Amino acid sequence: MRADDLRSQEVLASKGMGGFPVFASSRIMVMGTRSLGQMQADMIRILGKENATAIMGRHGYEAGMATAMAMAELYDWDSDEEWFKAGAVLRSMAGLAHEKIFSLGFDKESGRFHMEGEWRDSLEATQFLRQHDQASGAVCCILSGWASGYASVCMGKEIWIQEISCRAQGNRVCRFEGRPADEWRVLPEDKPRFLGRNSIEETMSGMRNQLQQAWKEVEDHRAEIQILREQLESPEADEHFVYRSEEMARVRALAEKVAATDSTILITGESGTGKEVLVRFIHRHSARQSHPVLAIDCAAMPKNLLESELFGHVKGAFTGAERDKRGLFVAAGSGTLFLDEIGELPLELQVKLLRVLQERAARPVGGIRTYPIHARIVAATNRDLEKMVTEGSFREDLYYRLAVIPIHVPPLRQRRQDILPLARYFLNRFSPDHPGFTPAFVRKISTYDWPGNIRELENAIEHASVLAGGDQLCPEHLPLAVARGSDQSISDLTAHWPTEAELVRRYAQEVLRHTGNNRTRAARILDISASTLWRRLESGKL
């Protein structure tokens, strides 16, 4: 899970216990901005500016800590940094300000933290200017406190996000800077009073217990946590090519390079990984995009019919051939011809296909004349062609003719970062106005192995959206095979009664598989540092 995966209709529930709106375990109170501004003015008038600022800052600090703990419980983040970045998204959802981070140094292991950025349209600055003239100092104390509390939980140490210039002072926007509290060179009395009241560890421990109990109550009542966030820019520029992982980024980069050429391409990968989508992506990004892209499944037709479809036939070539027919090699013109499941092509037709690739010409069944081939040939298979060559079931010379540019599409279980973007893409296609997924649903689909790959994911999302109706998608809406999951049981891990060291190794490997080889998340589950996990992997102990 990444920060830009958050959707406010999933995070902010439309109903909770008693019918009230809920965020995580907390009931939400809607307060108009004018009433908030009046409350701030009254507090300053009655308590004095220093005390009012301290109280509002402490209120923001506690809210920030509670929000950070809630987000840690709700989602499995790709990294602690993504968990931290989610705070900026939430501050915008809450209406405090639009936050933009210019620079960020986040290293929890070493304790190093530094951040600079700006807050646009700060609620506190806006309300101050509506009631007062220009301020003599920064006024966004709730916002500063909230950001500090959230960052402190994420880092496990006190962080102070200080507003260094404020719109209420006449500046264009509010600017802020964040560092560990002990790195600010200020006198103790100049530090904000929301720091130092309680230790971070004590506060986090108490809040975690309260949060777990409250979250259980929310789960028991099935309070639906929903998302409302404007559509964030997706990582892909092509609406049909949905991905986020580095593996698919490399596939896309290679596809874009070869699209500009006329080379023959061989795409390999398991069934359902999106090989045909990749073919059409290549076609759209080539100079052939104004010409047709034709596809044929070599495993779906008997040999005689397949030969006629590919090469065409002349009238009278066989019983039923009442007229001449152009084959797909010719019909594709200057476009693209996609030969799916090429590994199922009979040996007799492999010889004819090899001749087409060598001579760039095809002769129809029963004919004597050959026709020039202008189309680009792209083949795909879910079989191991090199092994088939060794076994003698696939011609070696044809294999090398097809694999001029080989592209392998990895299975979905090896690129888990793509699961959530793909799921959102399919849900938006099936039901554009749907309220989205519960956190439990996100966790379930992110840890399932998807043996049927993208095709299985698409069917599962359609299945779940039908069962959910207008409600959020929950794990119980998934097909039974997906809802049960594919994680190993304890009996699987302890098969053949391994030694303790071997059991630890098996468990660590299962955690790595579960997290899609995300070492930061795996280390967090194993309760060791990421560097320790790295050393064990490098030494072969895992």
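The shown structure was predicted, so the numbers you read here are calculated from the model rather than taken from an experiment. We're numbering straight along the sequence, starting at 1.
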Do [X] and [Y] have side-chain atoms, one donor and one acceptor, less than 3.5 Å apart?
| X | Y | value |
| --- | --- | --- |
| E177 | H114 | yes |
| E456 | Y448 | yes |
| T126 | R167 | yes |

Do [X] and [Y] come close enough that some side-chain heavy atom pair is under 4.5 Å?
| X | Y | value |
| --- | --- | --- |
| Y75 | D5 | no |
| E163 | E124 | no |
| V409 | R415 | yes |
| D76 | S446 | no |
| R284 | R280 | yes |
| L412 | L422 | yes |
| R112 | M155 | no |
| L6 | M71 | yes |

What are the two closest heavy atoms between [X] and [Y], and how far apart are they?
| X | Y | value |
| --- | --- | --- |
| A483 | P475 | CB-O, 3.8 Å |
| A423 | F437 | O-CZ, 3.7 Å |
| P411 | T273 | CA-CG2, 3.8 Å |
| I282 | I407 | CD1-CD1, 4.3 Å |
| D78 | Q417 | OD2-NE2, 3.3 Å |
| E62 | R58 | OE2-NH2, 2.7 Å |

- Step by step, work out the side-chain contact (heavy atoms from CB on, under 4.5 Å) result for E270 and W450. CA-CA 11 Å; E270 295 179 6; W450 299 108; over 6 Å; no
- Item | Any residue meeting side-chain contact (heavy atoms from CB on, under 4.5 Å) with N459, in chain and number order, not counting sequence neighbours | R455
- For F430, which residues count as a side-chain contact (heavy atoms from CB on, under 4.5 Å) partner, sequence neighbours excluded? F426, E458, I461, E462, S465
- Given F176, which of W146, W160, W119 fulfils the ring pair (Phe, Tyr, Trp, His ring centres under 6.0 Å) condition? W119
Quick check against the 3.5 Å criterion: does [X] have a side-chain atom that pairs as donor or acceptor with the backbone of [Y]?
| X | Y | answer |
| --- | --- | --- |
| K444 | V482 | no |
| R288 | A259 | no |
| S144 | C140 | no |
| W83 | A68 | yes |
| T438 | L473 | yes |
| Q169 | C166 | yes |
| E99 | G117 | no |
| D418 | S245 | yes |
| K157 | K108 | no |
| S148 | I161 | yes |

- Query: Between E246 and R250, is a side-chain contact (heavy atoms from CB on, under 4.5 Å) present by the stated rule, with each step listed?
  - Reply: CA-CA 6 Å; E246 292 182 3; R250 288 192 289 269; 4.0 Å; yes
How many angstroms lie between atom [atom1] of [X] and atom [atom2] of [Y], to the nearest 0.5 angstrom?
| X | Y | atom1 | atom2 | answer |
| --- | --- | --- | --- | --- |
| H98 | S122 | NE2 | OG | 11.0 Å |
| L278 | I265 | CG | CD1 | 8.0 Å |
| L96 | D121 | CG | CG | 12.0 Å |
| E158 | Y61 | CD | OH | 4.5 Å |
| S290 | H283 | OG | NE2 | 7.5 Å |
| N428 | R424 | CG | CZ | 10.5 Å |

- Message: Show, in sequence, the C-alpha distance, side-chain angles and deciding distance for L143 and M56, and conclude whether the side-chain contact (heavy atoms from CB on, under 4.5 Å) test is met.
- Response: CA-CA 9 Å; L143 184 52; M56 289 185 289; over 6 Å; no
- Salt-bridged, R244 to D4, with N to O below 4.0 Å? yes
- Task: Evaluate the criterion side-chain contact (heavy atoms from CB on, under 4.5 Å) for residue pair L478 and F441; output intermediate values, then yes/no.
- Result: CA-CA 9 Å; L478 286 164; F441 185 92; 3.5 Å; yes
- Task: Return the orientation label for the F241 and F281 ring planes: parallel under 30°, perpendicular over 60°, tilted otherwise.
- Result: tilted
- Report the relative orientation of the aromatic rings in F113 and F84; use parallel for angles under 30°, tilted for 30 to 60°, perpendicular for over 60°. perpendicular
- From the list E82, E81, K85, side chain to side chain contact (heavy atoms under 4.5 Å, CB included) with R2 holds only for E82
